[in-house]
A.B. asks: 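Here's a structure for you.
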Amino acid sequence: MTEPKPLPQLPLRTEQLVLRRFEASDLEAFHAYHSLPETARFLPREAKSLSQSMETVGRYANFEFEKEGDWVALAIEAADSPGLLGEVVLKWLEGCGQAEIGWSLAPEARGRGVATEAARALLKLGFEDLGFHRIDAKLDALNTASAALCERLGMRLESRQVDKWHYKGEWATEVVYAILEDEWKARKPA
Ligand SMILES: CC(C)(COP(=O)(O)OP(=O)(O)OC[C@H]1O[C@@H](n2cnc3c(N)ncnc32)[C@H](O)[C@@H]1OP(=O)(O)O)[C@@H](O)C(=O)NCCC(=O)NCCS
């Protein structure tokens with residue numbers, strides 16, 4: 001996959017969610033959960049300052065998906081109740097047909113299957129619309145909530161690299177989960 005594939009029309013709709021472009025009005029809710037140390041614990045950087053949240057929301061609102069290194073970043077909202085619940089992101093990696101998925105939810109949105117439903121929609125977009133061959137997720141081995149999410153999505157545990165990263169003042173073991181396009185298609189009900 002070397003040529004850009006056009007993004008489908010946004011928003012995406014699932015049974016209970018709307019996945020849409022970020023807007024400037026998401027800043028307050030985005031900053032509320034990304035300024036929390038518990039949200040940042042397994043993300044590469046520290047909890048965000050307001051200016052970092054402003055920069056990220058601006059970047060997410062204006063994302064373009066045209067070349068390797070670009071990101072799809074979608075705001076998650078409940079279909080029946082406006083308000084930002086979190087985000088799912090998909091990064092176009094270097095190499096043929098490769099992408100990486102990621103996610104974060106506001107604490108009050110966790111524990112209800114919101115990330116599972118949103119990530120499933122983003123995998124569908126990645127495989128069926130954008131034509132990726134393989135999508136992975138790179139996690140801190142201590143991030144059991146993300147590992148459980150990968151398992152719910154049908155992703156395979158592919159590797160475990162001890163002390164791969166050094167962040168938040170300590171060494172961290174990286175686990176990689178992945179799913180191939182064929183595996184995704186095989187999971188779909190007939
Ligand atoms: C990672 C993260 C998004 C996972 O959120 P989550 O709420 O655990 O995941 P889901 O929204 O899919 O919800 C799953 C939970 O809801 C429950 N659930 C209820 N209804 C469900 C449904 N219809 N489908 C799936 N799960 C459902 C599941 O049993 C599970 O509960 P459990 O945690 O008690 O086992 C969240 O912990 C987070 O934002 N963490 C901080 C940021 C972060 O670490 N990001 C990832 C970096 S790699």
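Counting convention: from 1, in listed order, for ligands and their atoms alike.
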A.B. asks: Counting each atom of ligand 1 from 1 as listed, which ones have a heavy atom of Ser104 under 4.0 Å away?
C.D. replies: 39 (O), 42 (C), 45 (N)
A.B. asks: List ligand 1 atoms under 4.0 Å from Leu43, heavy atoms only on the residue side.
C.D. replies: 45 (N), 47 (C)
A.B. asks: Output the list of atoms in ligand 1 that are nearer than 4.0 Å to some heavy atom of Ala145, sorted by atom number.
C.D. replies: 37 (O)
A.B. asks: Taking N or O atoms only and a 3.5 Å limit, does Val114 qualify as a polar contact for ligand 1?
C.D. replies: yes
A.B. asks: Testing the 3.5 Å rule here: is there a donor-acceptor pair between the side chains of Tyr60 and Asp26?
C.D. replies: no
A.B. asks: I need the atoms of ligand 1 closer than 4.0 Å to a non-hydrogen atom of Thr39, numbered in the order shown.
C.D. replies: 41 (C), 42 (C)
A.B. asks: Sort and list the pairs that fulfil salt bridge (Lys or Arg N to Asp or Glu O under 4.0 Å) and have at least one residue in residues 143-153, not counting sequence neighbours.
C.D. replies: none
A.B. asks: Taking only heavy atoms of Asn143, which atoms of ligand 1 are found under 4.0 Å from at least one of them?
C.D. replies: 44 (O), 46 (C), 47 (C), 48 (S)
A.B. asks: Is Glu94 atom CD crowded by more than 12 heavy atoms from other residues, nucleotides or ligands, each under 6.0 Å away?
C.D. replies: no
A.B. asks: Between ligand 1 and Gly102, can you find any atom pair, the residue atom being a heavy atom, that is separated by under 4.0 Å?
C.D. replies: no
A.B. asks: Between atom CD1 of Ile135 and atom CD of Gln98, what is the distance when rounded to the nearest 0.5 Å?
C.D. replies: 9.5 Å
A.B. asks: Using the ring pair (Phe, Tyr, Trp, His ring centres under 6.0 Å) criterion, which residues pair with Tyr33? Sequence neighbours excluded.
C.D. replies: Phe30
A.B. asks: For the 3.5 Å polar cut-off, considering only N or O atoms, please tell me whether Ala109 and ligand 1 meet it.
C.D. replies: no
A.B. asks: Below 4.0 Å from ligand 1: does a non-hydrogen atom of Ser146 turn up there or not?
C.D. replies: yes
A.B. asks: Could you pull out, from Arg152, Arg112, Arg110, the option with a heavy atom nearest to atom 9 (O) of ligand 1?
C.D. replies: Arg152
A.B. asks: Answer yes or no: are there more than 12 heavy-atom neighbours, outside Arg41 itself, under 6.0 Å from its atom CZ?
C.D. replies: yes
